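Please read the structure below before turning to the comments.
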Amino acid sequence: MSNYDSAVRPSLSVAQPVAVAFRFSLLALLSMDERHGVVTTSCRITQNWNDVHLRWNASDFGGVTTVRIPAAQIWRPDVILRNNADPSTPSNIGEEHAVLKSSGDITWTSHVLLKSACTLDLRFFPFDFHLCHLNFTSWSYDIQQVTLTAERVDLSNFHPNPEFHLEDVLLSPGGGRALAFSLIVRRRPGPPLLRHVLPCFVVTALAALTFLVPPASGERVTLAVGCLLALLLVSVATGGGPRASAPQLPLLGTLRRVIMVLCKSVHKSPKIFFFVLMAPYMKIKEFTLRFFI
């Protein structure tokens, strides 16, 4: 490799693009940062291409047909994650060794930890679905120089996440210029229902009972304040529920704020109380019917 230049694109002519076969294996969905909209995944990426400058006759070298060399010493298609969300993490693929065959075929496998930007819709928490994309493209080459192709995503070694269920991974070819892998993720509703939804319903029921207490007894305000403190205690114990930006405020958060306002306004009319109280429930019921039916 004394005369080999890793900066030269391995093609027989300027007009001939280098075909790169991209294989994406999803190993684990590690976390979903709801506040910052960042999805962390563990992946194994395999790239295959042919380098015409690295061919040799195996009979001239003792029958050696395969060698392993550092990937930094050869030309690479510099594929990056376009929607990288962590500046401290490099968006390009790692620096592992590459497998080189006498025919010029190169196999480069990397194990990477990807942090991608994703817009999370938490309005229907904990029955929320998310569609997150991993967009790969070549940083310095266009489609006339490098073409990217991929097959179906490999999920044979995927490790399930205890909080989110991976429904499917879709592939969008992108015409050879880019590749987009779309992750369809659904939250497992069991634990959030027990930690967040059930306490809200219990406190709401207690708040409704404040209007059954006779005003002459002098205990209506005491019960309402107790409900308010119970709701605050639940919020602190559960971390306040899902953390989302203002446009994606969960209905559960709206319900908690409504309960706080009602607990502070026990002197208002019971009709206003039940009208405002049932409004969020009707939205949740409408979504639940669409979700299960």
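Keep in mind the model is a prediction, meaning the values are calculated, not measured.
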Taking every non-hydrogen atom, the tightest pair across [X] and [Y]:
X: R9; Y: V14; result: NH2-O, 3.0 Å
X: P189; Y: P126; result: CB-O, 3.7 Å
X: A85; Y: A117; result: CB-N, 3.6 Å
X: V20; Y: Q47; result: CG1-OE1, 4.0 Å
X: A19; Y: T147; result: CA-OG1, 3.5 Å
X: L179; Y: A150; result: CD1-CB, 3.8 Å

Show your reasoning for whether side-chain contact (heavy atoms from CB on, under 4.5 Å) applies to L113 and T40.
-> CA-CA 7 Å; L113 193 67; T40 304; 4.1 Å; yes
Strictly under 6.0 Å, is that where the ring centroids of W56 and Y4 end up?
->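 Ring centres of Y4 and W56 not closer than 6.0 Å.
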Let me see the working for S6 and I74 under side-chain contact (heavy atoms from CB on, under 4.5 Å), right down to the final yes or no.
-> CA-CA 5 Å; S6 60; I74 62 175; 5.6 Å; no
Validation row: [X], [Y] side chains within 4.5 angstrom (heavy atoms):
X: Q145; Y: P17; answer: no
X: S31; Y: V38; answer: no
X: V18; Y: P10; answer: yes
X: I45; Y: F22; answer: yes
X: S172; Y: H133; answer: no
X: V99; Y: T66; answer: yes
X: L29; Y: V39; answer: yes
X: E167; Y: F129; answer: yes

To the nearest 0.5 Å, how far apart are [atom1] in [X] and [atom2] in [Y]?
X: Q73; Y: L100; atom1: CD; atom2: CG; result: 11.0 Å
X: L114; Y: T41; atom1: CG; atom2: OG1; result: 4.5 Å
X: C43; Y: F158; atom1: SG; atom2: CZ; result: 10.0 Å
X: H130; Y: F164; atom1: NE2; atom2: CZ; result: 5.5 Å
X: R55; Y: S103; atom1: CZ; atom2: OG; result: 7.5 Å
X: L134; Y: L183; atom1: CG; atom2: CG; result: 5.5 Å

Does R68 CZ have over 12 foreign heavy atoms under 6.0 Å away?
-> no
Is the side chain of [X] donor-acceptor paired with the backbone N or O of [Y] at a distance under 3.5 Å, no angle test?
X: N135; Y: N83; answer: no
X: R152; Y: V169; answer: no
X: T137; Y: R177; answer: yes
X: T46; Y: R23; answer: no
X: S11; Y: Q16; answer: yes

Option among I69, N50, L54 that satisfies the side-chain contact (heavy atoms from CB on, under 4.5 Å) test with I106 | L54
Picking from L27, V112, L26, what satisfies side-chain contact (heavy atoms from CB on, under 4.5 Å) with R44?
-> L27
Mutual orientation of the aromatic rings belonging to F136 and F24 [parallel < 30°, tilted 30-60°, perpendicular > 60°] | tilted
Between Y141 and W49, does a ring-ring contact (aromatic ring centres under 6.0 Å, His included) hold up when you go through it step by step?
-> CA-CA 15 Å; Y141 297 102; W49 69 93; over 10 Å; no
Starting from the C-alpha separation in whole Å, work towards a yes-or-no answer on side-chain contact (heavy atoms from CB on, under 4.5 Å) for L131 and S182.
-> CA-CA 6 Å; L131 180 63; S182 302; 3.9 Å; yes
Are L155 and V185 connected, step by step, through hydrophobic side chains (Ile, Leu, Val, Met, Phe, Trp, Tyr) whose heavy atoms are closer than 4.5 Å?
-> yes
Would you call R187 and E163 a salt bridge, taking side-chain N to carboxylate O under 4.0 Å as the test?
-> yes
